[in-house]
Amino acid sequence: GDSVTQMEGPVTLSEEAFLTINCTYTATGYPSLFWYVQYPGEGLQLLLKATKADDKGSNKGFEATYRKETTSFHLEKGSVQVSDSAVYFCALSERTNAGKSTFGDGTTLTVKP
Amino acid sequence: DTGVSQNPRHKITKRGQNVTFRCDPISEHNRLYWYRQTLGQGPEFLTYFQNEAQLEKSRLLSDRFSAERPKGSFSTLEIQRTEQGDSAMYLCASSGDGGGNQPQHFGDGTRLSIL
């Protein structure tokens, strides 16, 4: 079945540092890929997505590129802020009508001033 | 767009009791999903509705669990004879048509604690 493996956390960075959170996947089909973010006390919200190979999703300074050859979708940001402290989830969704998502276990990011 | 609403936010109950959670999706979304999330894990798929039809159920959904979506609007998830292992955050999400390309919009979840 489908699975998503994320870099283990927690990750602690200083403000303005470079961020990478690794994500690799296995899928039976050709999935769409997502990053969701969960801020403290809030629900999951979409951060960015990519629906086909070599697509780059971007939002709020975060980027991730769909790499089919390495089955990866690593999240990057050039300069993190304290307000980026949250839990980040990588997820995939098959292109069937169901659209249910398979999630990684999440990576907790803490950014210190 | 008022977002996905879940009630209650927290539920504490004794083992063996029945509990019911409600989810109100974004009004124009016809797909509704239930997930379960335990500490340190990502959400795990439980079940999915297309309008009022329940189209898929995970093996995680034992016969003590039942979900409904009457009239294709709000949904309820009921757990009968609760067990300690049912303690978790129960998440509801909704999306529009478009299959796996559509992101899901999540509610804030209902946290269930079994005493």
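Values reported hereafter were calculated over all heavy atoms of this structure, with side chains retained and with hydrogens, waters and symmetry mates removed. A note on names: the letters A, B, ... follow the listed sequences, proteins ahead of strands, and every chain is numbered from 1.
With respect to chain B, the highest number of heavy-atom pairs below 4.5 Å among G106(A), S101(A), G104(A) belongs to S101(A). In terms of non-hydrogen atom pairs under 4.5 Å with chain B, the most contact-rich of L44(A), V4(A), L92(A) is L44(A).
Proximity to chain A (any heavy atom under 4.5 Å) is shown, for E44(B), by neither the backbone nor the side chain. Interface residue R9(B): only side-chain heavy atoms are found under 4.5 Å from chain A.
Residues Y33(B) and E56(B) have side chains that never bring a donor and an acceptor to within less than 3.5 angstrom of each other. Side-chain contact annotation: T107(A) with Q6(A), donor-acceptor N/O pair under 3.5 Å present.
The only option from V111(A), V80(A), T12(A) that meets the side-chain contact (heavy atoms from CB on, under 4.5 Å) definition with S85(A) turns out to be V111(A).
Taking the six-membered ring for Trp and thresholds of 30 and 60 degrees, F21(B) and W34(B) have ring planes inclined between 30 and 60 degrees apart.
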